[in-house]
Number of protein chains: 2
Amino acid sequence: MRVSELSQATGVPVPTIKYYLREGLLPRGETTTSPNQASYSDEHVTRLRLIRSLLDVGGLSVATVRDVLAAVDDPDTSLHDVLGRAVGTVTATGADADDEHHARARTRLAGLIDDRGWHVSPHAPAREAAVAALATIYRLGLENLDSLADVYAGAAEQVAEADLGSVVQVADRDRRVQTALVGTVVGDALFAALRRMAQEHTSAKHFPPAQDPEQR
Amino acid sequence: MRVSELSQATGVPVPTIKYYLREGLLPRGETTTSPNQASYSDEHVTRLRLIRSLLDVGGLSVATVRDVLAAVDDPDTSLHDVLGRAVGTVTATGADADDEHHARARTRLAGLIDDRGWHVSPHAPAREAAVAALATIYRLGLENLDSLADVYAGAAEQVAEADLGSVVQVADRDRRVQTALVGTVVGDALFAALRRMAQEHTSAKHFPPAQDPEQR
DNA sequence: GGGGAGTAGACAGCTCCGCTATCCGATAGC
DNA sequence: GCTATCGGATAGCGGAGCTGTCTACTCCCC
């Protein structure tokens, strides 16, 4: 399969494919016969689709996708590390992370993790992300959102159990990692959308719309 | 309060504040005495902090923040519409949304909503977002992730109930809208982080780490 | 075996986004 | 008056994510 066929099979323009090759998201095709005649396999098609999913639906950056996929390709990398890199995008604020609100958020999260009996690495990037979110709530003075964290944690636990259940079904290592990756990244988007719909439903249930005014 | 004090109170550089004024994220200060001597109030401080939260933690674009805040300021806009605009960021793919996978995803989502008894507007942007996420799963052939949607929907329902509970506590209209907005946008980030931690915990529970090899 | 289409690879350029820097005339406070 | 600062406008900058162009080569069809 040549690059134009790869393009046609995935809908990704040829120059973009070349760009991904350059950036190391997509491995080079096998250049068997001559140095300017590479051939691509079905794995390239799969990989390219995965890349577009992570970029478009998952909202990851090209650099993050590169790192995540490098981790996927390395058989020594644990599944947990792969996901850690995937979440690294949103995090990495780093700056001014040392005011009173952060301190409070850190304490709150530690208590929450303790209550739940969770075992979470102290260096997990998700910790910083959660602290940043909580600190934002405190900084804006929205105290009554604080209690939501407990509900979220319970729901997150259910979701995570289901996630793991789906992942362990998969025997093949590469496919399992891919399942976990997509489940996590695309799952975020799916859950957020479902949450929005559930909010609309719940809101309508408690405040019955008179006759759906269709105002805007 | 002049612009330099506003800057000092929020940590946002003066040129950036001017940029937000230009873009209409932040209302102009009152220009009482002379045309080049505006004064800013505490509301500007609050607003500016909100803007930074939506940009940094929520990951919204400047244009989206502008639209969302315009909706917040318009007393005729329903809370539901404000949130609809907030989610509009991730959505808006629009292109090539008509293959077999999308059709299947649409059917699946309709069934899920029906099973749950949800009442969701047919034009809700969250619908398209959810369809896009499901279609991605199908396109990648990760069939065993399909069943997760039901678990997610259940968890989303719990989260949404709690969200609404927090929002209805707030009496003041403006503050209530702001609570809902931040709760939704920052809540997405918080939930995602908690989910990641719960995944780590669940994974460790089912596959006890030998002695925490600390490999990478 | 000649010719046109296609290819790998390199490199420059383009558009958009989120700021940032500079300038201007006016004003505030001393 | 004098200087620092202000509001407002305009231009520029740096990174991200492609896109376009060029060159040397090779494939396939005639």
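The model shown is predicted, which means the values in this text are computed figures rather than measured ones. Each chain gets a letter, A, B and so on, in the order the sequences are listed, and its residues count up from 1.
Residues meeting the side-chain contact (heavy atoms from CB on, under 4.5 Å) test with Ala153(B), sequence neighbours left out: Leu194(A), Leu112(B), Arg116(B), Trp118(B). Among residues two or more places apart in sequence or in another chain, the side-chain hydrogen bond (donor to acceptor under 3.5 Å, both in side chains) test is passed with Arg104(B) by Glu143(B). For Asp188(B), the salt bridge (Lys or Arg N to Asp or Glu O under 4.0 Å) partners at least two apart in sequence or on another chain are Arg195(A), Arg196(A). Every side-chain contact (heavy atoms from CB on, under 4.5 Å) that Pro27(A) has, sequence neighbours left out, goes to His44(A), Arg47(A). The side-chain contact (heavy atoms from CB on, under 4.5 Å) search around Ala160(B) returns Ala198(A), Gln199(A), Thr202(A), not counting sequence neighbours. Judged as a side-chain contact (heavy atoms from CB on, under 4.5 Å), and not counting sequence neighbours, the contacts of Arg176(B) are Leu79(B), Val167(B), Val170(B), Arg173(B).
Atom CG in Leu60(B) sits roughly 10 Å away from atom P in dG18(C) (whole-Å rounding). In this entry the distance linking CZ of Arg66(B) with P of dC19(C) reads 14 Å, nearest Å. Per the geometry, CG belonging to Asp67(B) stands 12 Å off P belonging to dC17(C), to the nearest Å. We find that CE of Met1(A) is positioned 17 Å from P of dG6(C), with the value rounded to whole Å. If you measure from atom CG of Asp56(B) to atom C1' of dC19(C), you get 13 Å, rounded to the nearest angstrom.
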Identify all pairs in which a protein N or O lies below 3.5 Å from an N or O of nucleotides 3-5 of chain C, and state each distance.
none

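Between Ser4(A) and dT7(C) there is a side-chain polar atom (N or O) within less than 4.0 angstrom of OP1 or OP2.
Taking every heavy atom of residues 14-27 of chain B and every atom of DNA chain C, pairs under 4.0 Å involve Pro15(B), Thr16(B), Tyr19(B), Tyr20(B), Arg22(B), by number.
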Base-contact (B) and sugar-phosphate-only (S) positions in nucleotides 25-30 of chain C, heavy-atom cut-off under 4.0 Å, - elsewhere: BBSSS-

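The ring-ring contact (aromatic ring centres under 6.0 Å, His included) analysis of residues 124-152 of chain B, with sequence neighbours excluded, yields no pairs. Pairs passing the salt bridge (Lys or Arg N to Asp or Glu O under 4.0 Å) check and including a residue from residues 3-27 of chain B, sequence neighbours excluded, read Glu23(B)-Arg66(B). Identified under the ring-ring contact (aromatic ring centres under 6.0 Å, His included) test for residues 11-38 of chain A, with sequence neighbours left out: none.
Side-chain contact between Ser39(B) and Met1(B) is absent, with no heavy atoms from C-beta onward closer than 4.5 Å.
A salt bridge does not link Glu100(B) with Arg139(B): none of the charged nitrogens is closer than 4.0 Å to a carboxylate oxygen.
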